[in-house]
**Student:** 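Sending over a structure as structure tokens; questions will come in a sec.
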Amino acid sequence: MRFPLIFLLLIISVTGSGSLLNNQRPDIIRHFGDSITDIIEGKEFLYYITGHHEHSWSLAVPDNSYFIIVSGNTRNNDCHIDTVSIKESVLKWGLDTLALYSHRMQPVARSYYWNIHQRLVLFSSQKEIIFDCFDTDTYSGTDSITFNKKLKELKYLMFWFASPIEIRKKLRSPL
């Protein structure tokens, strides 16, 4: 009798607490401070989060001819705000084209387990989820080769922004 109880508790702990990311649906933006809420108010934006127990995150918001980039982590609630001037970028693709093609794409299940979770979300100006890529590396569908290439570039850029500055210096710059 003791073995099934231990087995059940093990299963619950593995499936129930796999990641904080699983529980973070649209309510993820409720935890932003006033300064971030003011930046995203009435605008579409990209939100990226990665990690295991603690998470690093970044978000990109268009503002006229540049992007406001906010990054931080859940470990110490650190937050950093930058502006980036990028003319033709993968950020522009992520905000304009991603929504057009994402409904034609189907996620391809990973064939391996990776304990570092990754999520990229495109939010509408009304803070509704337009596209939600959670732990998915590739998609299938019409023009999926171009879509996957651009999505990979976008995820890397958002990862780069989410990384602490001392780590960014060691990574290949996407800019």
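A quick note: this is a predicted structure, and the numbers were derived from the prediction, not measured.
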**Student:** Flag yes if F159 and I165 sit in one hydrophobic cluster, no otherwise; membership is Ile, Leu, Val, Met, Phe, Trp, Tyr, and two members link when side-chain heavy atoms are under 4.5 Å apart.
**Tutor:**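 Result: no, two separate clusters.
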
**Student:** Please tell me if the side chains of F123 and I129 come closer than 4.5 Å, counting only heavy atoms from C-beta onward.
**Tutor:**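 Yes; the side chains approach each other to less than 4.5 Å.
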
**Student:** Using the ring centroid of each side chain, check whether F131 and Y139 are separated by less than 6.0 Å.
**Tutor:**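 Yes.
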
**Student:** Near L100 CG, under 6.0 Å, is it more than 12 heavy atoms from other residues, nucleotides or ligands?
**Tutor:**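 Atom CG in L100 is crowded, with more than 12 foreign heavy atoms closer than 6.0 Å.
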
**Student:** If you round to the nearest 0.5 Å, how far is CG of L120 from OG1 of T50?
**Tutor:**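 T50 atom OG1 to L120 atom CG measures 11.0 Å (nearest 0.5 Å).
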
**Student:** How many angstroms lie between atom CG of D143 and atom CG of N148, to the nearest 0.5 angstrom?
**Tutor:**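 The CG atom of D143 sits 9.5 Å away from the CG atom of N148.
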
**Student:** Test of understanding: with salt bridge (charged side-chain N to carboxylate O under 4.0 Å, His left out), list the residues that count as partners of D63, not counting sequence neighbours.
**Tutor:**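 Partners of D63 by the salt bridge (charged side-chain N to carboxylate O under 4.0 Å, His left out) criterion, ordered by chain and then number, come out as K43.
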
**Student:** Can you name the residues that form a side chain to side chain contact (heavy atoms under 4.5 Å, CB included) with I167, not counting sequence neighbours?
**Tutor:**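 Listed in chain order: S163, P164, L171.
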
**Student:** So L95 and F67, do their side chains get closer than 4.5 Å, heavy atoms only?
**Tutor:**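 The answer is yes, as the side chains (C-beta and beyond) meet within the 4.5 Å cut-off.
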
**Student:** Would you say L46 and L59 make side-chain contact, with heavy atoms under 4.5 Å?
**Tutor:**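 They are not in contact (no side-chain heavy atoms under 4.5 Å apart), so the answer is no.
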
**Student:** Does any non-hydrogen side-chain atom of V121 lie less than 4.5 Å from one of I49?
**Tutor:**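 The answer is no; the side chains never approach within 4.5 Å.
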
**Student:** Working to the nearest 0.5 Å, report the span between NZ of K155 and OH of Y48.
**Tutor:**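 The NZ atom of K155 sits 7.0 Å away from the OH atom of Y48.
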
**Student:** Atom OG1 in T138, atom NZ in K152: separation rounded to 0.5 Å?
**Tutor:**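 Answer rounded to 0.5 Å: 10.5 Å.
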
**Student:** Roughly how far apart are S56 OG and F161 CZ, rounded to 0.5 Å?
**Tutor:**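 The CZ atom of F161 is 14.5 Å from OG of S56, to the nearest 0.5 Å.
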
**Student:** Does any pair with a residue in residues 93-102 pass side-chain hydrogen bond (donor to acceptor under 3.5 Å, both in side chains), and if so which ones, sequence neighbours excluded?
**Tutor:**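 Found K92-D96.
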
**Student:** Would you call K127 and E41 a salt bridge, using N to O less than 4.0 angstrom?
**Tutor:**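 Salt bridge present between K127 and E41.
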
**Student:** Give, for atom SG of C133 and atom CG of L122, the distance between the pair rounded to the nearest 0.5 Å.
**Tutor:**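 So the SG of C133 and the CG of L122 are separated by 11.5 Å.
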
**Student:** Between R172 and Y156, is NZ or CZ placed under 6.0 angstrom from the six-membered ring centre and within 45° of the ring axis?
**Tutor:**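 Positive - R172 is close enough to the ring of Y156 and near enough to its axis.
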
